[in-house]
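Worksheet for the structure shown next.
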Amino acid sequence: MTILWLDFETRSRCDLRSKGVYNYAQDMSTDVLCMSYAFDNDDVRTWLPDEPFPDAVRNHTGQIRAHNAAFERLIFWYVLQVPFALEQFYCTAAQARANCAPGSLEDVGRFAGATMKKDHRGSQLIRALSVPQNDGTFRDDAKLMAEMIAYCEQDVRAMRAISEAQRELSPDELRDYHVNERINDRGVLLDKPVALAAIRYADAEAVEIQEIVREVTGGEITSVRSPKMRDWVLARVGPEAIRLATIIKDGVEKQSIDKNVRANLLALAEENPDEVPSEVAEVIQCADDLWASSVAKFARAADLADEEDSRVRGAFVFSGGSATGRASSFGLQVHNFPRRCAADPALTREAMVRGHKIVPKHGKCVTDVLKGMLRPSLMAAPGKHLVVADWAAIEARVTPWASNTNSGAEKLDIFAKGEDVYKHNAAATFRVPYADVDKDQRQIGKVQELACGFAGGVGAFASMGRIYNVILTESESRKMVDAWRRANPWSVPYWSRLEQCYTAAMRNPGREFTAGRVTYLFDKLHLWYALPSGRVLCYPFARFDEEGNITYAKASWKPAADAKEWPRARLWRGLACENITQAIANDLLRHSLSRLEEEDLDVVLHVHDEIVLETADPEAAAAALLRVMTTAPAWAQGLPLNAEVEIMTRYGK
C-alpha cells in the first residue's frame, strides 16, 4: 500500500485557536499557502496554489498520513474540494498518543529523541504569513514564504521519521480512530442563545464579586485571584479547617484552597461557624464563583458553534489519555462538565434568554445557575431526542474481573445479582445485615469503594471522603480501609501480583509475565502491557532509579526549556491497577461505539462511562443502546455489565 505523507500551511482571517478547525476550514477567507507531500520514502515535494494540482495526489486511493489529520482532511474537503474518504486518513498524532507519547509533533520528537525534530521557526512564520496584519491584509514576502515551504517540508520529514519509529496503530485502533472522527464530524447542537446569555450574566456578576471581596476584607484583598487570598483565608479559620486545607502533593504537605478544599470549607462553615467565620465563607464563595470554569466553557462553546447549524464539532481527542488510551475532550471539554443540572432547564433558559433576574429563583448565585445550565445547553435537534446511558459502577466491576481470581469472581456475583456494592461494603465494615445498612453507612461504603480500589490508603480515603462529606479521624479512616480490604480479599494479592510481574518483566527483558488478565513485557526500552482486548499500552523509556523504583517518561508532563530529559513518574502498584482498569473500561467504550455505528445510531457525546445518542426514534435507540452496552465483547466474558438509560431533549443527569 502506497502511503501519502503530507502537511498544509494555510492562512485565514478566522482564528484557528478560538474558532476550531471545523469553522476554520469552512471560512471563506481560508486559503492554502503550500502543501508539502511525499509518497512512501520518496523525496518531499511542495505544491503551491498557482501551480496545477498534482494528479498523483488527487487520484491517490491509499492511506493519507498527517499529524492531527483532521486538519488536512477538512482542508481537502472544504478548501481544495478534494473528496478523500475519511477512512483513508491515518493520524500520526493519534499514533503517538496510542504509544503513550505526546501528541504534538514538536513534543513527540523531543520525547523520543528522534533525529528529525520539529522546526521551532514555525510559530514565527505562522504569525508573519498565516495571520492577517492590523489592516486586515496578509503579508506577501517571498523570502519568508521560502522559509515557510522549507518548514512545511521539514514537518513532513519529521512526521514520517517519528511515525516509522513507532508501533503502528492496529486495525482495531485505526477503526476506533475513524469512529471518533465521525462523532467529531457529527457534532452536538448548542443552544447558542443560552451560551450568549450566560456570558452576559457572568460579566455583570464578576464586577459584583470583586466589589464584595473588597468590602468584606476591608480592602486587604481586591481580587480573589490574588495569591494573598489563600493566606487571608487560612489566617482566619480554625484547626479543623486548616486540616481540611492541608493536602499532600508530590509527597510534600502544603496548604491549598483548591476546588475540593473550598467545597469542604464551605460545608464546615455551615456546621461550625467558629471554624470558618461567615465573612471568610463569603470570600471563599466569591472565589468559587469567580474561578468557576462554567463561564469559560460557555464562551468557548459559543465560539466553536457552527454559524449555520450551531453544532459544536471536534470535541474528542482520540487516545488523549496517554496511560490508558481514553479519549480526552478538546474545546468543549465535556469530560469535566458539572454533573448537577438545573431543576427546570426550560424555565431557567427562558429567564436567561429574556434577561430576567435569575437569582435566587433559579439558584443561590449567578454562577450556580450557570453551572446548572452547562449540560442542558447541549440539546437534540428539532424533532429528535437525546438518549443518554452510563455503565453502573464500571470501575468497581472491571477491577475484580481484571484480577481473574476466585474472590474477585465472588465480588462480581454481587453485581450479577443486581445488589448494591456500597451496601455490601458497609455491611462487612459495620458487621450488620445487608438489609439493615443505613444511609450514612452506605455513604461510607461508597467512599471505601471509590478510594480503596486502586490500593488507596488512609490519604486516599480522606481525600475521597471530603468530596462526599465523610470526615473521619485518621484512625477511623484506617479502620475503613482495612475493613474494605478484608471484604475484598482479591485486592491486595492482585496489587502485589501486578508489582511482582512488572518488576520481573523489567529484570528479564523479552519475557512475558502475567498478572490477572494483563501481561507485561519489557523490550529494553518500553515496559509494555497487553490488555484482554489485545490492545497494548506502555510505560515509555522505563528504568530503575537509584532507589530501585521503576520510573518512566510521563507524556502529559512538559519539560522545562533547558531540561536534559523528559520528566519522569514512578510506577507503583496502585497506579498500575488504575491504568489497567481505566484502559479496559475504555476498550468497552470503544467496542460499544463501534457497534452503535454498525447499527447506524448517531453518537454525539461520550464521557468515559457514558454514551449519548441523537435520534428521531428514542425508544428503539434506547433499547439498542442498552443492549449494546450490557453485552460484553468476546474478550470480556464473565464481566457483568449494567447500564441506566434516559431519554431527554437536553443533555442532563
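Residues: numbered from 1 along the sequence shown.
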Heavy-atom count check: over 12 atoms from other residues, nucleotides or ligands less than 6.0 Å from E644 CD?
no
So M480 and T429, side chain to side chain contact (heavy atoms under 4.5 Å, CB included) or not? Walk me through it.
CA-CA 7 Å; M480 298 302 103; T429 298; 3.8 Å; yes
Evaluate S496 against R573 for side-chain hydrogen bond (donor to acceptor under 3.5 Å, both in side chains), listing each step before the verdict.
CA-CA 7 Å; S496 297; R573 61 185 189 168; 3.1 Å; yes
Gap between atom SG of C286 and atom CD of E211 - 0.5 Å precision
10.5 Å
Chi angles and distances behind the side chain to side chain contact (heavy atoms under 4.5 Å, CB included) call for L639, V398:
CA-CA 7 Å; L639 174 59; V398 166; 4.2 Å; yes
Looking only at heavy atoms, what is the nearest atom pair of P400 and G408, with distance?
CB-O, 3.8 Å
Does the pair R650/D191 count as a salt bridge with the N-to-O cut at 4.0 Å?
yes
With rounding to the nearest 0.5 Å, note down the distance linking NZ in K479 to CZ in R486.
10.5 Å
Close side-chain approach of F111 and P540, heavy atoms under 4.5 Å
yes
Say you draw a straight line from CG of D609 to CG of N586; how long is it, rounded to the nearest 0.5 Å?
11.5 Å
Any donor-acceptor N/O pair, R243 side chain to P239 backbone, under 3.5 Å:
no
Between T551 and R543, does any side-chain donor sit less than 3.5 Å from a side-chain acceptor?
no
Does NZ or CZ of K554 come closer than 6.0 Å to the centre of the six-membered ring of W557, within 45° of the ring's axis?
yes
So W495 and W484, would you call those rings parallel, tilted or perpendicular, with 30° and 60° as cut-offs?
parallel
Assess whether atom CD of E419 is packed by more than 12 heavy atoms of other residues, nucleotides or ligands within 6.0 Å.
yes
Student check: side-chain heavy atoms of T399 and E578 closer than 4.5 Å:
no
Closer than 3.5 angstrom, by distance alone: can the side chain of R326 be matched with the main-chain N or O of H608 as a donor-acceptor pair?
no
Can you say whether the rings of Y529 and Y520 are parallel (under 30°), tilted (30 to 60°) or perpendicular (over 60°)?
tilted
Please table the atom pairs, donor to acceptor, closer than 3.5 Å between any side-chain atom in residues 464-473 and protein atoms at least two apart or in another chain.
| residue | atom | partner | partner atom | Å |
| --- | --- | --- | --- | --- |
| T473 | OG1 | S475 | OG | 3.2 |
| T473 | OG1 | E476 | N | 3.2 |
| T473 | OG1 | E476 | OE1 | 3.2 |

Rounded distance [0.5 Å steps], CG in N579 versus CG in L537
8.5 Å
Hey, does the Lys NZ or Arg CZ of R300 hover above the aromatic six-ring of F330, less than 6.0 Å from the centre and inside 45° of the axis?
yes
Would you call L527 and L571 a side-chain contact if the rule is heavy atoms closer than 4.5 Å?
yes
Side chains of N549 and F544: does their closest heavy-atom pair fall under 4.5 Å?
no
Do the side chain of S463 and the main chain of A460 share a donor and acceptor less than 3.5 angstrom apart?
no
Between K297 and N336: side-chain donor-acceptor atoms closer than 3.5 Å
yes
Main-chain N/O of D438 paired to Q441 side chain as donor or acceptor, under 3.5 Å:
yes
Exam field: side chain D545 to backbone E547, donor-acceptor pair closer than 3.5 Å:
yes
Are the side chain of R230 and the backbone N or O of Q255 linked by a donor-acceptor pair below 3.5 Å?
yes
Could you name each residue pair satisfying ring pair (Phe, Tyr, Trp, His ring centres under 6.0 Å) that touches residues 419-438, not counting sequence neighbours?
H424-Y434
All N/O donor-acceptor pairs, side-chain side in residues 355-363, below 3.5 Å, sequence neighbours left out:
| residue | atom | partner | partner atom | Å |
| --- | --- | --- | --- | --- |
| H362 | ND1 | T348 | OG1 | 3.3 |

Stepwise, does the side chain to side chain contact (heavy atoms under 4.5 Å, CB included) test hold for V388 with L605?
CA-CA 9 Å; V388 182; L605 296 170; over 6 Å; no
Is the shortest side-chain heavy-atom distance between Q285 and L266 below 4.5 Å?
yes
I'd like to know if the side chain of R214 and the backbone of I221 have a donor-acceptor N/O pair within less than 3.5 Å.
no
How many angstroms lie between atom CZ of R349 and atom CE of M373, to the nearest 0.5 angstrom?
7.5 Å
Inspect the contact between R262 and D258 and indicate whether a charged nitrogen and a carboxylate oxygen are less than 4.0 angstrom apart.
no
Are D436 and K423 close enough, and set up right, to give a salt bridge (charged side-chain N to carboxylate O under 4.0 Å, His left out), and what steps lead you there?
CA-CA 9 Å; D436 293 344; K423 290 180 66 174; over 6 Å; no
Check for a donor-acceptor pair, side chain of D344 on one end and backbone N or O of L347 on the other, with a separation under 3.5 Å.
yes
Under a 3.5 Å threshold, yes or no: a donor from one side chain and an acceptor from the other, between E449 and N425?
yes
Using 0.5 Å steps for rounding, measure from the CG atom of D390 to the CG atom of L589.
12.0 Å
So does E240 get a backbone contact from the side chain of E275, meaning a donor-acceptor N/O pair under 3.5 Å?
yes
Could you walk me through whether V237 and L265 pass the side chain to side chain contact (heavy atoms under 4.5 Å, CB included) test, one step at a time?
CA-CA 9 Å; V237 298; L265 293 179; 5.5 Å; no
Under 3.5 Å, side chain of R397 to main-chain N/O of L412, donor-acceptor pair present?
no
For the pair W490 and Y494, name the ring-plane relationship: parallel under 30°, tilted 30 to 60°, perpendicular over 60°.
tilted
Counting only heavy atoms not in E474, do more than 12 sit closer than 6.0 Å to its CD atom?
no
Establish, yes or no, whether a centroid distance under 6.0 Å links the rings of H526 and F541.
yes
